[in-house]
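Here the structure is laid out as C-alpha cells; the discussion comes afterwards.
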Amino acid sequence: MTKKHEIIELPYDYDALEPYIDEETMRIHHDKHHQGYADKFNKAIENNPETAEKEPEELLKDWNLVPKEIMKKVRNFGGGYVNHNFFWTVLKKDMEFKGEIAEAIKEKFGSFEKFKEEFSAAAATVFGSGWAWLVLNEKGELEIMQTKNQDSPLSYNKTPLLTIDVWEHAYYLKYQNKRKEFIDKFFNIINWEKVNEYYLKAKQ
Ligand code: MN
C-alpha cells in the first residue's frame, strides 16, 4: 500500500498575512499550486512502492533512492510539495527578530540590515522561477542560497531555515511585476520563532 502525501493545512487563516500577502493569493497558492504539486508527486510515485514508502525529504536528499524514470518528476513535484510545506511554516505576522538565530545572523552577516540586503538580493536575482533560502550548510554555517524551479537545498546537503518563494504565483496578483516590493514586505511576515526552532534542530 503506497502512502499518499498530503499538503499541510495552513497554520493560520488565509487572510492572516494581509496586507503583505493577500487572501486570494494564499488560497490559490496553497489550495491549487501546492495541492497540484502533491497530486503530481503522488501520481509519479504510485507505481513505485519502494519510493513511495520513503519520506519525500529523504528522496530529495538522496537521488539513489529514486528510479531514473521518475527522477525529474520527484525533483519538480516532490520538491514543490516539500518546499511549500516548509514555506507556510516560516510565515507569521508581528514576530520579533530574536533568539539564537538572531545572534547567529548578526554574527555571520554583521547586522540584521546586512542580512536583509543579502537575502533580498538573492531573492531578487533568481532568474525565472525559484526560491531564496537561509540554510545551515554542511559545515554548520549559515548561508544564503538560491534554488531554481522547485529544487530543494536538501539536494545540496543543506538544511532549510527560512525561505521566500519568488515564483510569480507567490506575488503576482498583488504585486504584479514588482518582485522587489514583495521581497521588501516579506520581512514583515517572517516567523522568527519557527526559524529559530529549525536552527536549533539543524545545529544538533
Ligand atoms: Mn509557490
Side-chain angles (χ1 to χ4, degrees), residues 4-45 55-57 59-61 71-93 95 119-135 144-156 158-192 194-195 198:
K4 195 164 179 262
H5 299 291
E6 310 226 25
I7 67 174
I8 66 161
E9 274 183 46
L10 291 181
Y12 36 73
D13 293 332
Y14 289 102
D15 64 357
L17 304 171
E18 293 265 11
Y20 309 111
I21 301 180
D22 58 291
E23 178 177 350
E24 194 186 3
T25 294
M26 288 302 288
R27 284 189 184 280
I28 296 172
H29 199 174
H30 177 270
D31 298 1
K32 305 292 182 196
H33 289 280
H34 191 192
Q35 188 62 55
Y37 289 119
D39 292 346
K40 288 176 183 156
F41 175 53
N42 283 317
K43 194 164 169 32
I45 58 178
E55 289 303 321
E57 287 84 354
L59 302 177
L60 299 177
K61 279 182 194 168
M71 203 174 270
K72 198 174 165 192
K73 287 180 176 169
V74 170
R75 184 173 176 176
N76 289 334
F77 307 139
Y81 167 72
V82 167
N83 287 344
H84 288 89
N85 265 350
F86 178 80
F87 181 52
W88 310 130
T89 68
V90 294
L91 306 180
K92 194 174 178 183
K93 246 177 10 185
M95 298 299 279
F119 188 84
S120 299
T125 58
V126 172
F127 184 71
S129 300
W131 303 71
W133 305 82
L134 175 68
V135 299
I144 289 169
M145 70 181 290
Q146 302 173 331
T147 60
K148 297 283 289 173
N149 303 313
Q150 293 297 353
D151 283 359
S152 163
L154 297 170
S155 303
Y156 302 92
K158 298 173 201 288
T159 308
L161 305 177
L162 169 67
T163 191
I164 180 171
D165 185 345
V166 288
W167 281 61
E168 281 187 347
H169 68 226
Y171 63 86
Y172 205 85
L173 288 182
K174 184 177 173 74
Y175 297 96
Q176 291 85 45
N177 59 328
K178 300 184 283 281
R179 188 197 282 187
K180 278 191 176 147
E181 198 182 315
F182 166 61
I183 295 166
D184 198 51
K185 297 285 195 274
F186 178 78
F187 285 87
N188 294 296
I189 49 166
I190 297 175
N191 186 345
W192 287 111
K194 201 73 192 171
V195 179
Y198 290 136

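Note that ligands are numbered from 1 as they come in the structure, with each ligand's atoms numbered from 1 the same way.
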For Y198, is the NZ or CZ atom of K194 found under 6.0 angstrom from the centre of its six-membered ring and inside 45 degrees of the ring axis?
-> yes

Non-neighbouring partners of K73 that pass side chain to side chain contact (heavy atoms under 4.5 Å, CB included), sequence neighbours left out = A44, F77

Looking just at side-chain N and O atoms, do W88 and E9 make a donor-acceptor pair shorter than 3.5 Å?
-> no

E57 and K61: salt bridge (Lys or Arg N to Asp or Glu O under 4.0 Å), yes or no, with the steps?
-> CA-CA 6 Å; E57 287 84 354; K61 279 182 194 168; over 6 Å; no

Crowded around K178 NZ? As in, over 12 foreign heavy atoms under 6.0 Å?
-> yes

Could you count the protein N, O or S atoms found under 2.8 Å away from the Mn ion (ligand 1)?
-> 4

Would you mind telling me which of Y37, F87, F86, F41 makes a ring pair (Phe, Tyr, Trp, His ring centres under 6.0 Å) with Y81?
-> F41

